[in-house]
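Note that this is a predicted model, so its numbers are computed, not measured.
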Amino acid sequence: MRREFIKKILKDPAVERVATVAGWVRTRRDSKGGFSFIELNDGSCFANLQIIADATLSNYESEIKKLFPGSSVVISGEIVASQGGGQSVEMQATEIKVLGFCEPTDYPLQKQRVSFERLREVAHLRARTNTFGAVTRVRHALAMATHNFFDDQGFYYVHTPIITASDCEGAGEMFQVTTLDIAKLEKSPDYERDFFKQKTGLTVSGQLAAECLACSLGNVYTFGPTFRAENSNTRRHLAEFWMVEPEMAFADLADDADMAENYLRYLFNYVLENCMEDLQFFNKRIDTSLLETLQKLSVSEFKRITYTEAIAILGQANVSFEYPVKWGVDLQSEHERYLTEEKFNCPVTVTDYPKEIKSFYMRLNDDDKTVAAMDVLLPNVGEIIGGSQREERLDILSVRIEEAGLNCDDYWWYRDLRKFGSVPHAGFGLGFERIVQFCTGMQNIRDVIAFPRTPGNAEF
RNA sequence: UCCGGCGUAGCUCAAUGGUAGAGUAGGUGACUGUUAAUCACUUGGUUGUUGGUUCGAGCCCAACCGCCGGAGCCA
């Protein structure tokens with residue numbers, strides 16, 4: 001079957017030519033004047049192609065009049081200038097071949113609005129809606145932009161293990177991976193008998209492995225699935241999500257923050273340049289400030305402050321916070337929101353957190369109280385990026401591992417990096433779904449991944 | 001996990017403790033270069049589940065289930 005994408009036909013104004021398209025019917029409107037209008041969508045772009053189906057077509061009464069939303073068809077015809085007002089071109093069909101009918105009383109997608117909650121129950125079909133088609137295309141664009149950006153910056157795309165024995169401390173609970181018979185649960189299982197001869201789980205971060213590769217190849221990044229077995233029930237958390245994790249050798253915290261901010265600006269520019277039709281839909285139907293925000297952020301500087309400065313600002317704020325502001329405690333959602341949405345009204349990068357609230361691998365600062373960590377906070381979404389300069393000094397790293405209650409021997413290979421030609425290095429992690437959320441205005445993270453995994457839900 | 005809200009027709013939602021309703025979708029007909037088409041008629045219900053209070057429960061109470069929002073955990 002040689003078909004053209006509707007995206008190409010609508011972009012290319014050439015009319016008076018023959019083409020074949022294939023897709024799913026969005027609506028059919030009949031005219032007793034002797035023809036029907038069919039709105040056809042093939043997923044290639046937001047817009048539909050309007051098809052004029054004349055009653056003289058041989059299967060008009062037998063098939064075309066039975067084309068309800070969701071039916072699949074292959075249509076050949078002539079691309080002509082439209083006589084109607086809603087579109088510049090349309091197709092005058094010469095042949096409509098029905099591939100699959102769609103029973104309207106059973107089909108869950110309606111012409112009218114269906115709630116996002118309802119659509120999650122029919123996730124196998126929801127990509128056929130305007131919203132989820134647009135989300136899927138923007139998500140794709142952000143993934144392509146990620147690869148373009150890091151490739152341009154001289155990074156290698158590397159693949160780190162999905163199954164791992166190393167728990168990236170502090171990152172969250174792991175899903176266990178085992179071939180032991182869980183029907184016969186034991187109190188202290190003998191992992192010698194397990195597939196890997198040790199306790200393993202799904203990765204919570206590729207960072208430790210990425211550090212190894214960065215300390216060989218310079219700049220690398222991973223972009224893969226990540227798993228957290230946390231019982232988190234919020235619009236910002238998934239049990240299975242995708243994370244982008246760049247890691248740079250010969251880099252400090254300032255380099256890290258620069259890279260993170262440049263990356264985000266690149267993403268905002270990329271979707272503005274490549275997804276305007278979909279963004280306009282989101283701007284109209286989901287978040288009316290979306291385009292303005294993206295345009296502003298695509299050129300905006302990020303406010304960069306230290307944790308200590310942030311605490312001072314919050315302490316002086318004329319707002320009553322639910323959680324008290326005190327040096328030494330982590331910033332709460334309400335504090336992050338105040339900084340990005342009220343105080344600065346732009347993305348804010350907070351650096352140099354107290355060592356007690358951050359992971360062992362973050363580089364200890366000279367003050368012996370803080371570590372070279374950074375969080376990039378976005379309005380509405382909150383923490384979008386978490387990163388740090390890594391501790392490259394073996395003696396200090398070993399102490400920090402012990403202080404965290406971990407066993408140095410378990411991290412023998414990670415410590416080896418510091419033994420054999422250690423270099424300063426830094427990196428960060430970006431929750432991919434959160435950036436999709438931010439760039440579409442979608443409120444719930446379950447609606448920016450095709451088949452969301454959350455506590456109690458792994459359907460599809 | 002904690003706090004709060006919600007659960008009624010295929011879908012989106014109404015309904016003082018007193019006969020379960022509308023829009024939309026579907027069906028029938030009318031009309032029309034329409035575009036969320038329009039107009040008329042019409043099909044459609046174990047009110048999340050299980051108990052309880054009451055002469056009487058969609059409505060009040062309890063437990064459970066599910067969903068949503070917020071918090072925590074984090075990306």
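Under the salt bridge (charged side-chain N to carboxylate O under 4.0 Å, His left out) criterion, A:E245 pairs with no residue at all, not counting sequence neighbours. Checked against salt bridge (charged side-chain N to carboxylate O under 4.0 Å, His left out), A:E90 has no partners two or more places apart in sequence or in another chain. Looking at residues two or more places apart in sequence or on another chain, you find a ring pair (Phe, Tyr, Trp, His ring centres under 6.0 Å) between A:Y307 and A:W327, A:Y353. The salt bridge (charged side-chain N to carboxylate O under 4.0 Å, His left out) test applied to A:D287 returns no partner, not counting sequence neighbours. With sequence neighbours left out, A:D375 forms a salt bridge (charged side-chain N to carboxylate O under 4.0 Å, His left out) with A:K358.
Taking for each of A:N457 and A:G429 the nucleotide of RNA chain B with the nearest heavy atom, the 5'-most of the two is the partner of A:N457. Position along RNA chain B of the nearest nucleotide to A:P104 versus A:E334 favours A:P104 as the more 5'-ward residue.
Atom CZ of A:R3 has more than 12 neighbouring heavy atoms from other residues, nucleotides or ligands inside a 6.0 Å radius. In A:F451, the CZ atom is crowded: over 12 heavy atoms of neighbouring residues, nucleotides or ligands sit closer than 6.0 Å.
The nearest whole Å value for the distance from the CD atom in A:E117 to the P atom in B:C11 is 13 Å. Regarding A:F101, its CZ atom lies at a distance of 17 Å from the C1' atom of B:G26, rounded to whole Å. As rounded to whole Å, 17 Å separates atom P of B:G44 from atom CG of A:D106. B:A25 atom P lies 17 Å from atom CZ of A:R118, rounded to whole Å. Rounding to whole angstrom units, NE2 of residue A:H335 and C1' of B:G70 are separated by 15 Å. Atom NZ in A:K65 sits about 14 Å away from atom P in B:G26, given to the nearest Å. Protein atom CD1 of A:I384 is 17 Å distant from nucleotide atom P of B:C74, rounded to whole Å.
When heavy atoms are screened at a 4.0 angstrom cut-off, A:R26 is found touching no nucleic acid atom at all. As judged by a 4.0 angstrom heavy-atom cut-off over every strand, A:F428 is placed among residues making no nucleic acid contact.
Both the sub-6.0 Å distance and the 45° axial angle are not jointly satisfied by A:R400 relative to the ring of A:Y361.
The side chain of A:S333 lies closest to B:C74, out of B:C74, B:G69, B:G27. The listed nucleotides are B:U1, B:C11, B:G26; the one nearest the side chain of A:T105 is B:G26. Checked against B:C11, B:C73, B:G26, the side chain of A:V114 finds its nearest nucleotide in B:C11.
Between the A:E334 side chain and the A:E322 main chain, a donor and an acceptor come within less than 3.5 Å of each other.
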I'd like a list of close polar pairs between nucleotides 33-42 of chain B and the protein, N/O only, cut-off under 3.5 Å.
from, atom 1, to, atom 2, distance (Å)
B:G33, N7, A:Q83, OE1, 3.4
B:G33, O6, A:Q83, NE2, 2.9
B:G33, N1, A:E90, OE2, 2.7
B:G33, N2, A:Q50, NE2, 3.1
B:G33, N2, A:S82, OG, 3.3
B:G33, N2, A:E90, OE1, 2.5
B:G33, N2, A:E90, OE2, 3.2
B:U34, O2', A:R29, NE, 3.1
B:U34, O2, A:R29, NE, 2.9
B:U34, O2, A:R29, NH2, 2.8
B:U34, N3, A:Q50, OE1, 3.0
B:U34, N3, A:Q50, NE2, 3.2
B:U34, O4, A:Q50, NE2, 2.9
B:U34, O4, A:Q87, NE2, 3.0
B:U35, O4', A:R29, NE, 3.1
B:U35, O4', A:R29, NH2, 3.3
B:U35, O2, A:Q50, OE1, 3.4
B:U35, O2, A:Q87, OE1, 3.0
B:U35, N3, A:G86, N, 3.4
B:U35, N3, A:Q87, OE1, 3.2
B:U35, N3, A:Q87, NE2, 3.4
B:U35, O4, A:G85, N, 2.5
B:U35, O4, A:G86, N, 2.7
B:A37, OP1, A:K111, NZ, 2.4
B:A37, OP2, A:R29, NH1, 3.3

Interface polar pairs with nucleotides 46-49 of chain B, N/O, under 3.5 angstrom:
none

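Every pair passing side chain to side chain donor-acceptor pair (under 3.5 Å) that includes a residue from residues 114-140 of chain A is listed here, sequence neighbours excluded: A:R26-A:N130, A:Y107-A:R128, A:R118-A:E121, A:R120-A:D447, A:R126-A:D447, A:R137-A:D278, A:R139-A:E433. Residue pairs meeting the side chain to side chain donor-acceptor pair (under 3.5 Å) criterion with at least one partner in residues 253-271 of chain A, sequence neighbours excluded, are A:T146-A:Y263, A:D258-A:R304, A:E261-A:R304, A:E261-A:T349, A:N262-A:R265. For residues 52-71 of chain A, the salt bridge (Lys or Arg N to Asp or Glu O under 4.0 Å) pairs, not counting sequence neighbours, are A:E61-A:K65.
Taking the six-membered ring where the residue is Trp, A:F321 and A:H335 present perpendicular rings, their angle passing 60° and hence far from 30°.
Donor-acceptor pairing under 3.5 Å, judged by distance alone, is present between the side chain of A:S232 and the base of B:C73.
Of the P atoms belonging to B:C55 and B:A15, the separation is 27 Å, rounded to the nearest Å. A gap of 7 Å separates the C1' atoms of B:A25 and B:C11, to the nearest Å. A distance of about 8 Å separates the C1' atoms of B:U43 and B:G26, rounded to the whole Å. Nucleotides B:G56 and B:U38, compared at atom P, are 46 Å apart to the nearest Å. Taking atom P on both nucleotides, B:U1 is separated from B:C64 by 11 Å, rounded to a whole Å. Using P as the reference atom, B:G45 and B:U49 are 15 Å apart when rounded to the nearest Å. When the C1' atom is compared between B:C68 and B:C61, the two are found 24 Å apart, to the nearest whole Å. Spacing between B:G5 and B:A40 at atom P, rounded to whole Å, works out to 41 Å.
Using a cut-off of 4.0 Å between Lys/Arg side-chain N and Asp/Glu carboxylate O, A:R17 and A:E4 are scored as salt-bridged.
Atom OG1 in A:T226 sits 11.5 Å away from atom CD in A:Q207 (nearest 0.5 Å).
The shortest distance between the side-chain N/O atoms of A:R446 and the OP1/OP2 oxygens of B:C67 is not below 4.0 Å.
Of the residues in residues 233-243 of chain A, those placing a heavy atom less than 4.0 Å from an atom of RNA chain B are A:N233, A:T234, A:R235, A:R236, A:H237, A:L238, A:F241, A:M243, in numerical order.
Taking the centre of each ring, A:F223 and A:F150 stay at or above the 6.0 Å mark.
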Given the rule that a pair is Watson-Crick or G-U wobble with both distances under 3.5 Å, how would you write RNA chain B in dot-bracket, using | for pairs to a different strand?
(((((((..((((....[..)))).(((((.......))))).....(((((..]....))))))))))))....

